[in-house]
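Written below as structure tokens is the structure these notes are about.
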Amino acid sequence: MKKLWVLLLLLWGPMALAQSLWIDVRTVEEYKAGHLEGAINIPYDEIEQKIEAVSADKNTAIQLYCRSGRRSGIALESLRSLGYSKVTNAGAYEQLKQKQAKSNE
């Protein structure tokens, strides 16, 4: 278990211990161009296949975002159909990035 926590901290930094798991559901290219600090990337069309590797606990609080909120809405429905109960469509990346910048001031 200790190795898992170390791996999480190395891969996802402070978000690994945060209240919510932040998932960027945009493409790998969009994610590489910029993403929220601590967010992991799982493209929306791969979320059903990859979510258990990130969180098998279906009660984990998950925040999803994309460019406009459309793809994160699709991902939200996919996760709910799998039984994930605490999933939120956080919306658009640019708006969230601005909020994050203001909170870091």
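Along the sequence shown, the residues carry numbers beginning at 1.
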Would T27 and R71 satisfy side chain to side chain contact (heavy atoms under 4.5 Å, CB included), going step by step from the backbone distance to the final call?
CA-CA 10 Å; T27 65; R71 289 177 282 180; 4.2 Å; yes
Audit row: K32, E29, salt bridge (charged side-chain N to carboxylate O under 4.0 Å, His left out) steps and yes/no
CA-CA 5 Å; K32 286 180 180 178; E29 293 78 17; over 6 Å; no
Using the rule given for side chain to side chain contact (heavy atoms under 4.5 Å, CB included), can you reason through Y44 versus L64, listing the C-alpha separation, both sets of side-chain angles and the distance that settles it, and then say yes or no?
CA-CA 9 Å; Y44 81 99; L64 304 169; over 6 Å; no
Trace of the side chain to side chain contact (heavy atoms under 4.5 Å, CB included) decision for V54 with L21
CA-CA 9 Å; V54 175; L21 176 63; 3.3 Å; yes
Between T60 and Y84, is the side chain to side chain contact (heavy atoms under 4.5 Å, CB included) condition met? List the steps.
CA-CA 8 Å; T60 299; Y84 286 83; 5.5 Å; no
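Under the 6.0 Å distance and 45° angle rule, R26 counts as a cation-pi partner of Y93.
D24 places no side-chain N or O within 3.5 Å of a backbone atom of H35 that could act as its donor or acceptor partner. The main-chain N or O of E94 is never found under 3.5 Å from a side-chain atom of Y65 such that the two would form a donor-acceptor pair. Judged by distance alone, with hydrogens and angles left aside, the side-chain atoms of T88 form no donor-acceptor pair with the main-chain N or O of A90 at under 3.5 Å.
The shortest non-hydrogen separation linking L76 to V87 is CD1-O, 3.6 Å. A pairwise comparison of heavy atoms in N59 and S85 identifies OD1-OG, 3.2 Å as the closest pair. For I47 against S78, the heavy-atom pair with the smallest separation is CG2-CB, 4.0 Å. For the residue pair E48 and I51, the shortest heavy atom distance occurs at O-CG2, 4.1 Å. When all heavy atoms of A92 and R67 are compared, the closest pair comes out as CB-O, 3.1 Å. The shortest heavy-atom contact between N89 and S72 is OD1-OG, 2.6 Å.
More than 12 heavy-atom neighbours from other residues, nucleotides or ligands sit within 6.0 angstrom of NZ on K58. Other residues, nucleotides and ligands contribute more than 12 heavy atoms inside 6.0 Å of the CD atom of E46.
The pair K97-E37 fails the salt-bridge criterion, with no side-chain N (NZ, NE, NH1 or NH2) lying under 4.0 Å from an Asp/Glu carboxylate O.
A donor-acceptor contact closer than 3.5 angstrom is absent between the side chains of Q100 and S103.
S68 meets the side chain to side chain donor-acceptor pair (under 3.5 Å) test with no other residue; sequence neighbours excluded.
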